[in-house]
There are 2 protein chains.
Amino acid sequence: MTEPALDGLIDALRRLPGVGVKSAQRLAFHLLQHDRDGARRLATALNDAVQRMRHCQRCHTFTEAEVCSTCLDPRRDARLLCVVETPADQAALERSGSYKGLYFVLMGRISPLDGLGADDIGAARLLERAVEGGVEEVILATGFTAEGEVTAHALATALKARGIKVTRLARGVPAGSELEYVDLGTIAHAMGDRR
Amino acid sequence: MTEPALDGLIDALRRLPGVGVKSAQRLAFHLLQHDRDGARRLATALNDAVQRMRHCQRCHTFTEAEVCSTCLDPRRDARLLCVVETPADQAALERSGSYKGLYFVLMGRISPLDGLGADDIGAARLLERAVEGGVEEVILATGFTAEGEVTAHALATALKARGIKVTRLARGVPAGSELEYVDLGTIAHAMGDRR
């Protein structure tokens, strides 16, 4: 049973993050057996997205236009610039409804183990963007992981050296949690930042 | 942030089994950010597979030809017909190197909860195939799950009524396992079928 078209599909599916050979096989068989229409739609959607999605020239998020609708929205507060690791993080912040400023989307985070430094994540472009007229505060919303913290620290140092006001999302106890089950570092931070 | 091409890709990915909205988003962002070439290859592979893969007219497995290479292989023992639920199960049996006969691939298994009866999985075609000249034994290799057992039972009844010899894969203790951790039903079966 060597079928090039089937093997090609399994190989292409395996290349997705988190998909091993077994899952790729299962997905391929599922699509061919039960959802050929879904397979065709996925192929079209992939081609469409690759062809049409590019990066916003101002904030670097994904968009089909030169500049994304958020950057062009006159109701957004242009004095605030929130820095996130990915478009997914940006989407989460938008869903929270807690932020009405503009964004700058990094290309990931600094990760020495993966050989990713400040240059690789677009830090230079952030520094250019932050000194453009109008930005009064840069909010660092990279993740609260080791790599996210390193990224925030490096960016904060560079931004402050240019005289820009820098803040960081608050650390603390997440909503809905019982103290008993919250990790000690988080409790210590929440205590230190109590208000 | 509503981008039709991006939303379309996320929707199409969500349709894959086991992929929720979060995973679909992560996959879409990954492909657009880090692997546009992989996205293009996947689109091509999907279209190729949908266009070229069909079912073997004899055993119903996936193939690009009218009749698959296994069915056409003169070295396979045409007196044995092994019935499996899916092409993936067939592939596992082939990898085991323990079987040199022919196959019949069902379209899944009988599952009353999903409204799938004997007709939906191609039982009628199996019965036709089994009475074609040459088949001396039908080996039921459906899964050892509740649904796989129901399927095996229904098929065995119908096949035996036509005077066909029917066997079932042996149940027993899997290789590499310690008895302590094997479930009791399996131990009881292994004891009953001891040899």
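Quick note on labels: first sequence line is chain A, next is B, and so on, each numbered from 1.
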Problem set entry | More than 12 heavy atoms of other groups within 6.0 Å of A/R79 CZ | no

For this session: For atom CD of B/E132, decide whether the heavy atoms of other residues, nucleotides or ligands shown that lie under 6.0 angstrom number more than 12.
Result: yes

Exercise. Which one of A/K22, A/Q33, A/M107 has the most heavy-atom pairs closer than 4.5 Å to chain B?
Worked result: A/Q33

Exercise. So which of A/P4, A/A28, A/G18 has the biggest tally of heavy-atom pairs under 4.5 Å with chain B?
Worked result: A/P4

Starting at [atom1] of [X], measure out to [atom2] of [Y] and round the result to the nearest 0.5 Å.
X	Y	atom1	atom2	result
B/D48	A/L6	CG	CG	11.5 Å
B/L16	A/D35	CG	CG	8.5 Å
B/T61	A/F29	OG1	CZ	7.0 Å

Membership question, hydrophobic clusters at under 4.5 Å side-chain separation (ILVMFWY): are [Y] and [X] in the same one?
X	Y	value
A/Y103	A/L126	no
A/L27	A/L46	yes
A/L159	A/L102	yes
B/L155	B/V150	yes
A/I139	A/L93	yes

For this session: Could you walk me through whether A/T63 and B/E3 pass side-chain contact (heavy atoms from CB on, under 4.5 Å), step by step?
Result: CA-CA 6 Å; A/T63 178; B/E3 300 287 346; 3.0 Å; yes

Exercise. Among B/Q51, B/M53, B/H34, which residue forms the greatest number of heavy-atom pairs with chain A at distances under 4.5 Å?
Worked result: B/M53

Problem set entry | Max heavy-atom pair count under 4.5 Å with chain A, selected residue of B/N47, B/V50, B/V19 | B/V50

Looking at every non-hydrogen atom in both residues, tell me the closest pair between [X] and [Y] and how far apart they are.
X	Y	value
B/P17	A/H30	CD-CD2, 3.5 Å
B/A45	A/L9	CB-CA, 3.8 Å
B/R15	A/G38	NH2-N, 3.5 Å
B/F62	A/R36	CE2-NH2, 4.1 Å

Checking heavy atoms, do the side chain of [X], its backbone, both or neither come under 4.5 Å from chain A?
X	answer
B/D73	neither
B/L31	side chain
B/R14	neither
B/T86	neither
B/R54	backbone

Exercise. Any donor and acceptor pair, going by atom type alone, linking the side chain of A/E64 with main-chain N or O of B/A5 inside 3.5 Å?
Worked result: yes

Exercise. Okay, side chain of A/R41, backbone of B/A12: is any donor-acceptor separation there less than 3.5 Å?
Worked result: no

